[in-house]
Every structure is written in structure tokens, then in C-alpha cells.
Amino acid sequence: MKIAFVGKGGSGKTTLSSLFIRHLAAEGAPVVAVDADINQHLGAALGLDETVAAVLPAMGEHLRLIKDYLRGANPRIASADTMIKTTPPGEGSRLLRVQEDNPVYDACARPVELDGGAVRLMVTGTFTDADLGVACYHSKTGAVELCLNHLVDGPGEYVVVDMTAGSDSFASGMFTRFDMTFLVAEPTRKGVSVYRQYKEYARDFGVALKVVGNKVQGPDDLDFLRAEVGDDLLVTVGHSDWVRAMEKGHPPRFAALEESNRLALRTLREAADATYERRDWERYTRQMVQFHLKNAQSWGNERTGADLAAQVDPGFVLGESVTAGA
């Protein structure tokens, strides 16, 4: 299952996504965790020393390798130079699977041990001073979108992406790449403003969206969230001594997490798993193509000097039965 955590800055998005990743790992589920936030904190939230987290290999720095691998023997893609973040797979393309070993994981993923389990962690890389004035953050997240476009995952497998704050993901089609999007919202007017944006943008794309209320301290906070987001409110999370200890760098064993919060994490997994039966690979592929053609026309053709619409394989539908190209 492909799962995104979104929300405004400071909402607790990274903390909640890290707790969910720990929960999945504790139950033995295979997980690929991706930090796609402009502020790279997921590694530290998963327990990595900050010096270790700072030198994780950035996906953006291996974009050429990623493109070369995913292009495979697809005759519609002349070279890696003509691939953009929305380039869809077709006959001959190589695909990614959660539990396999491949050159992309070798270059960009690192194992993180979590209470006996382990997850693969990938990061987009930080937005540095060298990028100012010459790049936008979407040039970093483009590697994530390209990988998601070529990813085939099955039941009981998880890709969890900590997205950049706010509604920036709508600048591309990446918001349609997920089976479930969890929007972390505080019980404040600013806390629910991103929810309204997401709900409006996602309305026409069949995006499964649920709200996780964070920092909820009492009935008034709960009533506020219910009034603002209605049935989209899935679960709420309150104060956690375990999280406070984690933020100080000394988390106890994950089994010591408060029972109420453990129950909330189980609810998140159940909601994500329930979307599997509603998967529509044809719609998923169609939306992928839709955003690719839009990007090709608006900037991709000019930048690459190629007709990127020709990359679309009209007979190809991504799905679990599709085999990777040579």
C-alpha cells in the first residue's frame, strides 16, 4: 500500500508518519519509508543520529541512475535525458517492488533497525543554498514521483511517504500516487486550512483522504475537528510521554507506547489496508498519463527538446500482474 502523510508545518506530520512506520515494522510488515519533506527529519524521528541522517544518500543526486534503470528497454524513451518526473512506464520499462533488491535501492535506500524489525529509508535530499534561485523543491521530489510511477506493491507491503508541508504536492501529480493520504491536523483554524485545500484539489481524482487529529487535549478540541472535517476525521492522538522521550533522543521500546496511541496506529493501518480492494490500476495509469501530458506541454517538451507525449504506451496498464522489462 502506498501511503502519504501530509499537513501544515508543525502539525506533527513527521512524528505521526514515523510512529506508523514503527508500528508496521513491529508487526513484521515490509516497509519502504521515504522522506519527501523540504525539511528532512524522518531519519531522526526513526532514531538515526543526526550526523548519520545528514549523510543519507539523496535520491536527487542519483536521478540519472534511477532514470537509466527504470527506462530499461522501453523503446518509447530514447534516453534518460528525455525522462521527466511524470514519465510513465510502458512495455520494456523496469518496475520497482517493495521487497526486491535492485540498483535503485542499492544507491538510495539504507536499512533502519526498529525494535528488531527493519525498514528501508530513502530521502530526497535537503534544499541547499546552492539550489536557491536555480531550482525549486519539486526538482528534488521528482525522483520520488518517478519511482512511485514505476512501483508495483501488493497487499501487506507498504511505502510510506512523509510529504512536504502544505499543499505543494499539487504542483505535480504526486498526490494521486497513493492508496491512502493521512492529513495530520491540529484542532485550530490554521490546522484545518490545509485539509480544505487538499479536499478541494483532490475531489476530482478519487484520492482517499482521512484526517488524523493531533495534539487533541479534550472534548472541545475533538468537537472542533468533527465540526470542521466531518466524517473525514478518522482518529485523534493526544499527548504522548513516549513521543516526548523520542524527541529528546531517548525513546523506550516501541511496545511501551501508550495503548490509546497504539490503537490509533492500528486504526490507520486498517484504513489503509481497506483501500486495497478498491484499487483501480486503470485509473491509476490514466491519471499518471494525464499529468505527464500536462507537464510535457507546459515545460517538458521545451526543456528536453523531445515530444514527450510519444512516451505514452497506450496499451500499457500498471498492475501487480505486470512483469518488469529487461
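Please read these numbers as outputs of a predicted model, since none were measured by experiment. Position 1 is the first residue of the sequence; numbering continues from there.
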Chi angles and distances behind the side-chain contact (heavy atoms from CB on, under 4.5 Å) call for Val104, Met122: CA-CA 10 Å; Val104 174; Met122 304 172 74; 4.2 Å; yes

Stepwise, does the side-chain contact (heavy atoms from CB on, under 4.5 Å) test hold for Arg262 with Glu258? CA-CA 6 Å; Arg262 293 173 65 84; Glu258 299 86 358; over 6 Å; no

For Phe182 and Leu234: C-alpha separation, side-chain torsions, deciding distance, then whether side-chain contact (heavy atoms from CB on, under 4.5 Å) applies. CA-CA 9 Å; Phe182 292 125; Leu234 177 65; 3.8 Å; yes

Could you walk me through whether Ile66 and Cys147 pass side-chain contact (heavy atoms from CB on, under 4.5 Å), step by step? CA-CA 8 Å; Ile66 293 171; Cys147 287; 3.9 Å; yes

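More than 12 heavy atoms of other residues, nucleotides or ligands sit less than 6.0 Å from atom CZ of Arg203. Within 6.0 Å of the CD atom in Glu259, the count of heavy atoms belonging to other residues, nucleotides or ligands exceeds 12. Under a cut-off of 6.0 angstrom, the local environment of CG in Asp49 is crowded, with over 12 non-hydrogen atoms contributed by other residues, nucleotides or ligands. No more than 12 heavy atoms of other residues, nucleotides or ligands sit less than 6.0 Å from atom CD of Gln297. A 6.0 Å sphere centred on CZ of Arg266 holds more than 12 heavy atoms belonging to other residues, nucleotides or ligands.
The minimum heavy-atom distance linking Asn74 with Gly90 is given by the pair ND2-N, 3.4 Å. Here the shortest heavy-atom pairing between Asp179 and Thr275 reads CB-OG1, 3.4 Å. Annotation for Glu320 and Gly154: closest pair OE1-CA, 3.8 Å, computed over non-hydrogen atoms. Considering every non-hydrogen atom in both Arg120 and Ala109, the closest pair reads CB-CB, 4.2 Å. Of all heavy-atom pairs spanning Lys2 and Arg177, the tightest one is CE-O, 3.3 Å. Closest approach of Lys85 to Asn149, counting heavy atoms only: O-ND2, 3.6 Å.
Residue Met163 is not grouped with residue Leu56 when hydrophobic side chains (ILVMFWY) are merged at heavy-atom distances under 4.5 angstrom, including chains of intermediate members. A continuous path of hydrophobic side-chain contacts links Leu96 to Met59 [ILVMFWY only; heavy atoms under 4.5 Å]. Note on Ile3 and Tyr195: separate hydrophobic clusters, where clusters join Ile, Leu, Val, Met, Phe, Trp and Tyr whose side-chain heavy atoms are under 4.5 Å apart, directly or indirectly. One hydrophobic cluster holds both Leu265 and Leu46 under the rule that ILVMFWY side chains link at heavy-atom gaps under 4.5 Å. Note on Leu233: it does not cluster hydrophobically with Val237, by side-chain heavy-atom contacts below 4.5 Å among ILVMFWY residues.
The aromatic rings of Phe5 and Phe20 sit tilted relative to each other, their planes meeting at an angle between 30° and 60°.
Between the His250 side chain and the Met246 main chain, no donor and acceptor come within less than 3.5 Å of each other. In this structure, Asn214 contributes its side chain and Ala185 its backbone to no donor-acceptor pair below 3.5 Å. Panel note: side chain Gln40, backbone Asp37; a donor-acceptor pair is recorded below 3.5 Å. No donor-acceptor distance shorter than 3.5 angstrom exists from the side chain of Thr141 to the backbone of Val144, with no hydrogens or angles considered. The backbone N or O of Gly7 sits nowhere less than 3.5 Å from a side-chain atom of Ser11 that would complete a donor-acceptor pair. Looking only at distances, a side-chain donor or acceptor of Trp242 sits under 3.5 Å from a matching main-chain atom of Pro252. In terms of modelled atom types and a separation under 3.5 Å, the side chain of Asp162 and the main chain of Asp35 share no donor-acceptor contact.
Side chains of Phe178 and Val161 form a contact here, defined as non-hydrogen atoms less than 4.5 Å apart. Residues Asn39 and Thr164 form no side-chain contact, since every pair of their non-hydrogen atoms from C-beta on lies 4.5 Å or further apart. Within the 4.5 Å cutoff, the side chain of Asp81 has no heavy atoms near those of the Thr304 side chain. Side-chain contact between Ile21 and Tyr158: absent, with no pair of heavy atoms (C-beta onward) separated by less than 4.5 Å. The shortest distance between side-chain heavy atoms of Leu42 and Ser18 falls below 4.5 Å. When side chains are defined from C-beta on, Leu318 counts as touching Pro89, because their heavy atoms get closer than 4.5 Å. Side-chain contact between Gln287 and Arg283 is present, with at least one heavy-atom pair separated by less than 4.5 Å. Side-chain contact between Val6 and Val194 is absent, with no heavy atoms from C-beta onward closer than 4.5 Å.
Between Thr86 atom OG1 and Leu146 atom CG the span is 8.5 Å, to the nearest 0.5 Å. Rounding to the nearest 0.5 Å places OG of Ser17 at 11.0 Å from CG of Leu268. Put simply, CD on Glu247 and OG on Ser240 are 8.5 Å apart, with the number rounded to the nearest 0.5 Å. Here Glu145 contributes atom CD and Thr87 contributes atom OG1; the two are 9.5 Å apart, rounded to the nearest 0.5 Å. Taken to the nearest 0.5 Å, the CZ atom of Arg279 stands 5.0 Å off from the CE atom of Met1. In this structure, CD in Glu186 is found 4.0 Å from NZ in Lys215, a value given to the nearest 0.5 Å.
Tyr276 and Asp153 are not linked by any side-chain donor-acceptor pair at a separation below 3.5 angstrom, with hydrogens and angles left out of the test. A donor and an acceptor atom, one from each side chain of Gln217 and His239, are nowhere located under 3.5 Å apart.
Listed by chain and residue number, nothing satisfies the side chain to side chain donor-acceptor pair (under 3.5 Å) test with Lys210 (two or more places apart in sequence, or in another chain).
By the 4.0 Å N-to-carboxylate-O rule, Arg269 lies close enough to Glu27 to be salt-bridged with it. The pair Asp231-Arg226 does not meet the salt-bridge criterion, since no charged nitrogen lies less than 4.0 angstrom from a carboxylate oxygen.
Between Tyr201 and Phe175, the distance from one ring center to the other does not fall under 6.0 angstrom. Between Phe205 and Phe291, the distance from one ring center to the other falls under 6.0 angstrom.
Other cluster members for Leu308: Ile84, Trp299, joined by side-chain heavy-atom distances under 4.5 Å among Ile, Leu, Val, Met, Phe, Trp and Tyr.
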